[in-house]
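We number each residue from 1, following the sequence as shown. Just follow the structure's listing: the first ligand is 1, and inside any ligand the first atom is 1.
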Amino acid sequence: MLPKPTILDDLAQIKKIDRSNMLSFCVEAPNHYAKAARLAKEIKISYPKPKAIIVAGMGGSAIGGELLKDWACDRITVPIDVCRDYHLPAYANRTTLVLVTSYSGETEETLSTFLEAVKKKCMIICISSGGALQEFAKKLSIPHLRVPSGMAPRATLPYLFMPLPAILEKVGLTSGLDAEFSETVKVLREASSENSPEMPLNKNLSKTLASNINGTIPAVYGFGVYRAVAQRFKTQFNENSKNPAKWEFFPELNHNEIVGWEAAQEFAKCFSIVFIRDAEEPREIRQRIEVTKEIISKQAIKLFEVWGKGKSTLAKMSSVICTGDFTSVYLAVLRGVDPTPVKTIDLLKERLKQTGIKEKTIRELQKLVKK
Ligand code: F6R
């Protein structure tokens, strides 16, 4: 039976709730990816091949690093870490490339890792739309890539993620990105139109998913190159839909998470699970997903699947991200919440200003400039 038409097919109602138009970023994502790919090509880097790579950032500015880690896993021989904290790992040194990403350029933890990277004489590239990160990168003659301003950090994923593989290519760690970038944009154009607000609910995967997930806590299960994609899906449910959500990945979830459903009983109706799938998923993973679904389906938990599209890894990852982004906005609409504002994050940042930690970091950066 087809789901009944809902508010999701009423464009005027959608606009009323999605006041700052988060949906337009989902619709325009292919264009943003195309522009980001062009910008990424312009980065000038004169660093040698690094021995290790660290992407330092928080939240919407860190997920690009996680995606990079999955994307690069089977193609580069240099380890990639994502640092979502105040301090860099102890191994960071002159041979480490640190990619410091903060959309605002003002995030306390990221500025702290930037300071450490400067002190440790790491090779550094900064990415931000401005802020203190841009200011100090300029003053310290550190390469800085400026991304377009005025968006929510999570909506700027194309600008925060695409430069990362491009940087790996520029330091000689990978090649052949052009073809992968163009396929990604092509696949995203299709995904964006299939999930667009104009596409009715009965033909629209994201609207259908949002309608079914509504009223539950979704858990998103990924694997391999879809590990961080599952995380992005989850964080979009948090920030856009203002909905609790969780994420896990195969095969690890078979060794703990799965037991949590064993006696779900009355909890079962509170959850839904989205399995990320791929026509070319490894045999061992396919079997695990099938067996896991069979076991979990004994509880009354709603189960859904989202399949990656395209041929290249980047296209596949981006196609699922696109579905997740749309779904999270449609879920926000169903819940009557504006997807864009993140009041609690803003409140937290405001409260934490009083600790003076960020000011201390800024003072230390100023000292380094004067040296
Ligand atoms: C995403 C979001 C947050 C920020 C995070 C770090 O839209 O609002 O997850 O990305 O608080 O801030 P920035 O990205 O400015 O470094």
Side-chain angles (χ1 to χ4, degrees), residues 18-26 28-29 32 36 54-68 82-88 98-117 124-137 144-164 228-229 231-245 247 321 324-329 331-332 337-353 355 357-358 361-362 365:
D18 182 19
R19 283 189 289 277
S20 314
N21 211 354
M22 180 61 82
L23 208 45
S24 71
F25 291 114
C26 305
E28 289 298 318
H32 288 304
I54 299 172
V55 182
M58 302 302 299
S61 292
I63 191 69
E66 298 287 357
L67 295 166
L68 179 79
V82 182
C83 176
R84 299 163 172 254
D85 212 322
Y86 287 88
H87 304 290
L88 289 176
V98 182
L99 307 173
V100 186
T101 57
S102 166
Y103 183 67
S104 60
E106 292 292 347
T107 299
E108 179 174 297
E109 300 93 315
T110 317
L111 288 171
S112 162
T113 48
F114 173 58
L115 172 67
E116 284 195 3
I124 308 171
I125 300 172
C126 298
I127 305 175
S128 79
S129 65
L133 189 60
Q134 172 174 290
E135 180 193 329
F136 286 102
H144 177 270
L145 177 69
R146 189 175 178 161
V147 298
S149 53
M151 297 156 90
R154 60 195 179 281
T156 57
L157 182 68
Y159 299 101
L160 297 174
F161 174 41
M162 297 293 258
L164 307 183
V229 172
Q231 184 176 16
R232 161 78 176 186
F233 221 124
K234 177 259 181 203
T235 56
Q236 291 291 77
F237 281 137
N238 296 148
E239 293 183 72
N240 287 344
S241 330
K242 281 67 179 172
N243 204 93
W247 74 285
I321 290 175
D325 288 359
F326 271 107
T327 305
S328 67
V329 177
L331 181 58
V337 292
D338 187 350
T340 304
V342 280
K343 272 191 273 170
T344 315
I345 299 179
D346 298 341
L347 174 83
L348 246 152
K349 287 187 179 176
E350 207 42 50
R351 288 277 297 276
L352 290 169
K353 264 189 195 161
T355 61
I357 291 170
K358 182 172 159 188
T361 307
I362 300 275
L365 282 165

Might you work through the side chain to side chain contact (heavy atoms under 4.5 Å, CB included) test for Ile362 and Phe136, ending with a clear yes or no? CA-CA 9 Å; Ile362 300 275; Phe136 286 102; 4.1 Å; yes

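Annotation for ligand 1: atoms under 4.0 Å from non-hydrogen atoms of Lys349 are 5 (C), 6 (C), 11 (O), 12 (O). Near Thr107, with a cut-off below 4.0 Å to any heavy atom, the atoms of ligand 1 are 6 (C), 12 (O), 13 (P), 15 (O), 16 (O). For ligand 1, the atoms lying closer than 4.0 Å to a non-hydrogen atom of Ser61 are 10 (O), 13 (P), 14 (O), 16 (O). For ligand 1, the atoms lying closer than 4.0 Å to a non-hydrogen atom of Met58 are 5 (C), 6 (C), 10 (O).
Between the side chains of Asn238 and Lys242, no donor-acceptor pair of N or O atoms lies under 3.5 Å.
For ligand 1, the polar-atom distance check against Arg154 finds a nitrogen or oxygen pair separated by under 3.5 Å. In terms of polar-atom proximity, Ser102 is counted as a contact of ligand 1, with an N or O under 3.5 Å from an N or O of the ligand. In terms of polar-atom proximity, defined here as any N/O pair under 3.5 Å, Gly60 does make such a contact with ligand 1.
One distance of note links CD of Glu108 with OG1 of Thr113; it measures 11.0 Å at 0.5 Å rounding. Note that OH of Tyr159 is 15.0 Å distant from OG of Ser128, once rounded to the nearest 0.5 Å. Here Asp325 contributes atom CG and Leu157 contributes atom CG; the two are 7.5 Å apart, rounded to the nearest 0.5 Å.
Ligand 1 is never approached by Glu106 to a heavy-atom distance shorter than 4.0 Å.
Nearest to atom 2 (C) of ligand 1 among the protein's heavy atoms is Glu239 OE1, 3.0 Å. Annotation: atom 15 (O) of ligand 1 to nearest protein heavy atom, Ser104 OG, 2.6 Å.
With sequence neighbours left out, the side chain to side chain donor-acceptor pair (under 3.5 Å) criterion links Glu116 to His87. Residues passing the ring-ring contact (aromatic ring centres under 6.0 Å, His included) test with Phe233, sequence neighbours excluded: Phe237.
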